[in-house]
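For reference, the structure is listed below as structure tokens.
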Amino acid sequence: MATIPWCFKLALFMAILLASPNASVAKKNVIDKCWRENPRWRNHRQQLAMCSVGFAGKMANNIGKGVTLYKVTDPSDDPLNPKLGTLRHGATMIKGKVWITFKRNMNIILQRPLLISSFTAIDGRGVDVHITGAGCLLVYQATDVIIHGLRIHHCKSQPPSSVMGPDSKVIPLGQMDGDAIRLVTAKKVWIDHNTLYECQDGLLDVTRGSTDVTISNNWFRNQDKVMLLGHDDGHLRDRNMKATVIFNHFGPNCNQRMPRVRHGLAHVANNLYQGWEQYAIGGSMSPSIKSQANYFIAPKLGNKEVTWRQGSQADKTSWKFYSVGDVFENGASFSSQTGLGGAKPNYNHEQNFMVADAKTVKELTRSSGVLQCSRTLKC
């Protein structure tokens with residue numbers, strides 16, 4: 001039998017590689033470049049933790065010695081008696097560091113909100129995981145949490161209820177409005193490469209003193225209220241909130257709050273905005289918002305103004321809310337810039353990243369949302 005020359009084998013392999021939809025030669029953003037170039041990412045899943053940038057910083061506390069590797073094998077959900085093998089058992093019941101993966105494609109219907117404990121990483125890469133149901137994901141008084149690679153949608157409101165929490169203690173929960181992900185008094189949370197849509201209230205709330213949050217590479221679509229940063233006008237603890245919103249794709253069919261900011265500091269950079277109805281970025285209570293190198297595509301009809309401000313005229317002039325290097329298409333506008341230069345994120349070396357030119361944003365956000373990861377090629 002004739003031997004196939006090695007050069008032909010190499011050429012054939014490269015042809016297959018380049019033909020694969022997972023082998024895009026498109027430019028990757030700084031987060032994706034950190035781990036997606038590795039074809040053996042399945043064997044080095046925890047490499048992901050050191051790829052985060054922005055206010056969450058590196059997620060080093062989620063990896064290293066003592067990590068429990070937990071695989072979800074059962075899509076069922078029991079809020080008060082979580083079974084071994086379910087997502088709720090892994091996210092809530094295991095002490096210490098836990099890295100959660102999924103055995104196969106799953107559709108998980110939550111019966112009550114899912115409480116995520118500190119030092120938990122939920123990693124949906126390589127499978128297709130849908131999460132729907134009551135209240136959806138709740139990060140409550142927890143720190144060092146990674147949520148990656150999930151499709152979260154059709155989340156519904158939930159009246160006051162109880163769920164099993166850490167240390168096998170029943171935790172009473174108040175009214176849940178029906179958000180895909182809600183952070184309450186949480187710290188150091190990274191939300192990356194998820195697809196979120198069509199929930200009863202909003203898609204992501206960061207509230208009640210939560211801080212050091214990075215929201216990156218997500219796809220938000222088909223939603224009225226998208227992202228809320230800051231609980232309400234009277235919650236002064238949110239003055240300490242710091243959130244980075246980068247490399248996300250907003251739209252189509254998003255109305256407002258991309259994000260809406262109260263009190264705190266938001267660095268909103270390198271995001272793609274595929275239209276809006278009321279506004280794209282706005283807020284109240286003198287927030288600090290730096291909109292940097294985003295790509296705003298105004299709707300063909302209706303409001304083309306990117307911003308919205310709530311408050312008296314005197315209050316609005318004290319805001320630090322401005323645009324640096326943004327691109328505006330279809331007549332999009334960013335009016336009434338105030339406090340120029342005053343909303344600097346002042347990242348440390350673990351948080352810092354280079355903001356790309358806005359002209360590259362369409363390419364950098366091309367893979368936003370859940371990735372289609374092959375078993376044999378690069379993700």
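In this chain, numbering begins with 1 at the start of the sequence shown. As the structure is a prediction and not an experimental result, all values here were calculated from the model.
Hydrophobic clustering of Ile, Leu, Val, Met, Phe, Trp and Tyr side chains at less than 4.5 Å, counting indirect connections, unites Val206 with Ile122. The hydrophobic cluster containing Leu364 does not contain Val327, counting ILVMFWY residues as joined when their side-chain heavy atoms lie under 4.5 angstrom apart, directly or transitively. Linking Ile, Leu, Val, Met, Phe, Trp and Tyr residues whenever their side-chain heavy atoms come within less than 4.5 Å places Ile131 and Val127 in a single cluster. Grouping the Ile, Leu, Val, Met, Phe, Trp and Tyr side chains by contacts below 4.5 angstrom, directly or via other members, places Leu115 apart from Val170. At a threshold of 4.5 Å between side-chain heavy atoms, the hydrophobic network of Ile, Leu, Val, Met, Phe, Trp and Tyr places Met106 and Leu114 in one connected group.
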Item to check | side-chain hydrogen bond (donor to acceptor under 3.5 Å, both in side chains) evaluation trace for Asp123 with Trp99 | outcome: CA-CA 7 Å; Asp123 179 1; Trp99 195 281; 3.1 Å; yes

Item to check | Residue pair Ser333, Glu305: steps toward the side-chain hydrogen bond (donor to acceptor under 3.5 Å, both in side chains) verdict | outcome: CA-CA 5 Å; Ser333 61; Glu305 171 61 27; 2.7 Å; yes

Next on the checklist: Cys155 vs Cys199, test: disulfide bond (SG atoms under 2.5 Å apart). Steps then yes/no.
Outcome noted: CA-CA 5 Å; Cys155 301; Cys199 289; 3.5 Å; no

Next on the checklist: Under the criterion side chain to side chain contact (heavy atoms under 4.5 Å, CB included), I'd like the reasoning laid out for Met227 against Ile215: C-alpha separation, chi angles, the key distance, then a yes or no.
Outcome noted: CA-CA 10 Å; Met227 185 188 306; Ile215 303 156; 3.8 Å; yes

Checklist entry - What do the steps show when you test His249 against Tyr273 for ring-ring contact (aromatic ring centres under 6.0 Å, His included), and what is the final call? => result CA-CA 6 Å; His249 182 171; Tyr273 290 83; 9.4 Å; no

Checklist entry - side chain to side chain contact (heavy atoms under 4.5 Å, CB included) between Val213 and Phe55: does it pass, once the steps are laid out? => result CA-CA 6 Å; Val213 177; Phe55 284 119; over 6 Å; no

Checklist entry - Would Val53 and Asn352 satisfy side chain to side chain contact (heavy atoms under 4.5 Å, CB included), going step by step from the backbone distance to the final call? => result CA-CA 6 Å; Val53 296; Asn352 196 38; over 6 Å; no

Checklist entry - Going through the checks in order, is the side-chain hydrogen bond (donor to acceptor under 3.5 Å, both in side chains) test met by Arg208 and Ser210? => result CA-CA 6 Å; Arg208 294 186 180 273; Ser210 296; over 6 Å; no

Next on the checklist: Assess the residue pair Val72 and Lys103 against the criterion (side chain to side chain contact (heavy atoms under 4.5 Å, CB included)); give the C-alpha distance rounded to whole Å, side-chain angles, the decisive distance to 0.1 Å, and a yes or no.
Outcome noted: CA-CA 6 Å; Val72 179; Lys103 184 177 182 179; over 6 Å; no

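The cationic atom of Arg45 (NZ for Lys, CZ for Arg) does not lie both less than 6.0 Å from the six-membered ring centre of Trp41 and within 45° of the ring axis. With Trp219 as the aromatic partner, Arg151 does not meet the cation-pi criteria of under 6.0 angstrom to the ring centre and within 45 degrees of the ring axis.
For His44, the NE2 atom is densely surrounded, since the number of other residues' heavy atoms within 6.0 Å is greater than 12. Environment of NZ in Lys290: crowded, with over 12 heavy atoms of neighbouring residues, nucleotides or ligands closer than 6.0 Å. Residue-environment remark: OH (Tyr140) stays at or below the threshold of 12 foreign heavy atoms within 6.0 Å. When the shell of 6.0 Å around NZ of Lys242 is examined, it contains 12 or fewer heavy atoms from other residues, nucleotides or ligands.
Interatomic distance, OG1 of Thr338 versus NZ of Lys320, reported as 9.0 Å (0.5 Å rounding). Note that CG of Asn29 and OG1 of Thr360 are 9.5 Å apart. Values are rounded to the nearest 0.5 Å. Taking OG from Ser52 and CG from Asp192, the interatomic distance works out to 7.5 Å, rounded to the nearest 0.5 Å. Taken from CE in Met93 to OG in Ser168, the straight-line distance is 3.5 Å, to the nearest 0.5 Å. The distance from atom NE2 of His193 to atom OG of Ser368, rounded to the nearest 0.5 Å, is 7.0 Å. The CG atom of Asp224 sits 11.5 Å away from atom CG of Asn253, with the distance rounded to the nearest 0.5 Å.
Using a 3.5 Å distance cut-off with no hydrogens or angles, the side chains of Thr207 and Asp205 do not pair a donor with an acceptor. Side chains of Gln47 and Asn38: a donor-acceptor N/O pair is present below 3.5 angstrom, by distance only. Under 3.5 Å, the side chains of Trp190 and Ser216 contain a donor-acceptor pair of N or O atoms. For the residue pair Gln111 and Asp77, no side-chain donor N or O sits within less than 3.5 Å of a side-chain acceptor on the partner. The closest side-chain donor-acceptor pair between Ser291 and Asp326 falls under 3.5 angstrom. Side-chain N/O atoms of Asp128 and Asn105 include no donor and acceptor closer than 3.5 Å.
Between Phe321 and Phe334, the ring planes lie perpendicular to each other; the angle is over 60°, past the 30° to 60° tilted range. The aromatic rings of Tyr197 and His154 stand perpendicular to each other, their planes meeting at an angle above 60°, with 30° marking the opposite boundary.
With hydrogens and angles disregarded, a donor-acceptor distance shorter than 3.5 Å links the side chain of Arg309 to the backbone of Ser336. Formation of a donor-acceptor pair under 3.5 Å by the Asn218 side chain with backbone atoms of Ile191 is found in this model. In this structure a side-chain-to-backbone donor-acceptor pair under 3.5 Å is missing from Asp179 to Leu203. Within the 3.5 Å criterion, the main-chain N or O of Thr365 finds no donor-acceptor partner in the side chain of Asn217. Remark: the backbone N or O of Pro299 is paired with a side-chain donor or acceptor of Lys304 at under 3.5 angstrom. Asn222 contributes no side-chain N or O that, together with a main-chain N or O of Glu198, makes up a donor-acceptor pair within less than 3.5 Å. Here the side chain of Thr211 pairs no donor or acceptor atom with the backbone of Lys187 at under 3.5 angstrom. Panel note: side chain Tyr70, backbone Ala91; no donor-acceptor pair is recorded below 3.5 Å. Checked by atom type and distance alone, the side chain of Thr185 never pairs as donor or acceptor with a backbone atom of Gln141 at under 3.5 Å. Looking at Thr214, its side chain does come within 3.5 Å of a backbone N or O of Ala56 through a donor-acceptor pair.
Counting all heavy atoms, side chain and backbone alike, Gly54 lies closest to Thr244 at CA-OG1, 3.4 Å. Residues Ala293 and Val355 come closest through the heavy atom pair CB-CG1, 3.7 Å. Considering every non-hydrogen atom in both Pro75 and Thr73, the closest pair reads CD-O, 4.1 Å. Nearest heavy atom pair, residue Pro82 against residue Arg88, reads CG-CD, 3.8 Å. In terms of heavy atoms, Gly57 sits closest to Gln351 at CA-CG, 3.9 Å. The two residues Ile297 and Trp276 come nearest to each other via the heavy atoms O-CZ3, 3.6 Å.
The existence of a salt bridge linking Asp78 and Lys83 is excluded, since no basic side-chain nitrogen approaches an acidic carboxylate oxygen closer than 4.0 Å. At a threshold of 4.0 Å, the pair Lys359-Asp357 does not count as salt-bridged, since none of the basic side-chain nitrogens sits closer than that to a carboxylate oxygen. We find that Glu363 and Lys28 are not joined by a salt bridge, their nearest charged nitrogen and carboxylate oxygen being 4.0 Å or further apart.
Aromatic ring centres of Tyr347 and Phe353: separated by under 6.0 Å.
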